[in-house]
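Worksheet: one structure, shown below.
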Number of protein chains: 2
Amino acid sequence: MVLKQAASIDADSKSARTRLRILDAAAEVLSARGYAGMRLSDVAEKAEVQAPAIYYYFASREDLIEEVMYAGIAQMREHLAAALDALPDGTPPLERLTVAVEEHLRHELELSNYATAAIRNAGQVPETIRHRNTEEQRAYGEIWAHLLKSAHEAGELRDGIDLHMAQMLVIGALNWTGEWWDPQRGNIEALVSNAKSFVLNGLT
Amino acid sequence: MVLKQAASIDADSKSARTRLRILDAAAEVLSARGYAGMRLSDVAEKAEVQAPAIYYYFASREDLIEEVMYAGIAQMREHLAAALDALPDGTPPLERLTVAVEEHLRHELELSNYATAAIRNAGQVPETIRHRNTEEQRAYGEIWAHLLKSAHEAGELRDGIDLHMAQMLVIGALNWTGEWWDPQRGNIEALVSNAKSFVLNGLT
DNA sequence: CACCTAATTTAATCTAGATTAGACTCGTCG
DNA sequence: CGACGAGTCTAATCTAGATTAAATTAGGTG
């Protein structure tokens, strides 16, 4: 309703910080409770505001959720793209692939409730929200598809592999870590290294 | 509230069939909408009864959900255990493992809304429900842990592998198929075969 | 200091959906 | 035929939670 010109200019105003606190809280609750289970009152509590304050920043619960989901995918894509860009020219395709494995994992597990929120709820969210995120979704898949295609064309992948299925199996193994990995216990370095060799070599 | 002695004796009475229709419907809705999103009205509609009829068979929404989740895990475990039992003595550990991959996949994708309901909601369900299912959950993991341990002791697995992480990565890849696999298009045989070689050999 | 707008609060409102109460139906058995 | 209980329905009830309305406060600016 109200335009927030000033706020959007100054990315660090008090207002901007409150907005961010709300988004962060929403990501956390959404990730933990799921689409239908996310209560604004919980979000408000975690963000240390009263529930109606949320409406000052977001037009509706759906809008808030949509922004969280969008950020979840977009940040993941940006993070991965940046990491790949940083690799020296001529890095072999297979190595680029293992970098992707590592960065997907690190981003998901170390940095982002947004990522897990987006990952877990992709399937439950209503059509309207899903629709707007389709493009980002596709772009993220595209990166992986390209990595696999390059590796395949370089003759580095097993014969008879179905690239799309392989892609989804890899991403699935990585996405699922959010369900069981406990950031408290357990060493992320070990997970990254195990995941890398699992993706390349399987169990044997 | 009401005891249903007769019903539980005759597994095919009209009553038993209605109860099953409700359970099936609940599994479907739960799988699609998630824990908090499952409305009894939707379940009722799919089961072709009025919502209050559900209370004739289940004490509460929570009880219904709990039964679906329990069945989801238990059936999966039974299915896998039976398939492994059917293998001839002396089947090598690695082959037993690929059978497990195949059966997990087939059960999840071909047979069971219960399985996907249980898989997807394991993390969002409240403590009370989760708690009662922990044991089944553990038993299922145990089967896999044992398969991996045997293969490892037979020296058939890669050196340096962390068995628990490997287990979760494999199960993750399989569980995630429920999120993207479209039973309509796409050939499950191809998926099974790709998953098997991915688990054994990775991408290369 | 007095005011204006941004930010946030408290106090309604409104609705969806779970649950309960109280019939109604229908097959079976005396 | 009349009673009975299982199974189901329609018509309440009750509550949580989203949303809106109407203050209230805070921070800057003339």
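Order of the sequence lines sets the chain letters (A, B, ...), proteins ahead of strands, with each chain counted from 1.
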> Can you give one letter per nucleotide of nucleotides 9-20 of chain C, 5' to 3': B if a protein heavy atom sits under 4.0 Å from the base, S if only from the sugar-phosphate, - if neither?
Replying inline: BBB-----SSSB
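Scanning both residues, B:G72 and B:A118, for their nearest heavy atoms gives CA-CB, 4.0 Å.
Residue A:E135 is tested with A:Q137, A:R132, A:R138 for a side-chain hydrogen bond (donor to acceptor under 3.5 Å, both in side chains); the sole match is A:R138.
Across the helix from C:dC1-D:dG30 to C:dG30-D:dC1, the helix axis at one end is tilted relative to the axis at the other end by 20° (nearest 10 degrees, each axis from five pairs).
Using a 4.0 Å cut-off between charged side-chain N and carboxylate O, A:E189 and A:R106 make a salt bridge. For the pair A:E136 and A:R77, the salt-bridge criterion is met [side-chain N within less than 4.0 Å of a carboxylate O].
Relative orientation of the B:W180 and A:H164 rings is perpendicular, given thresholds of 30° and 60° on the angle between their planes.
Taking the ring axis of B:Y35 as reference, the NZ or CZ atom of B:R61 stays within 45° of it and closer than 6.0 Å to the ring centre.
Distances shorter than 4.0 Å separate some side-chain N or O of A:Y57 from OP1 or OP2 on C:dT8. Here A:Y56 reaches the OP1 or OP2 of C:dA7: one of its side-chain N or O atoms lies under 4.0 Å away. Residue B:T18 places no side-chain N or O under 4.0 Å from the OP1 or OP2 atom of D:dG7.
Listed by chain and residue number, A:F198 satisfy the ring-ring contact (aromatic ring centres under 6.0 Å, His included) test with B:F198 (two or more places apart in sequence, or in another chain).
Looking at heavy atoms from C-beta onward, B:H107 lies out of side-chain contact with B:E103 at the 4.5 angstrom threshold.
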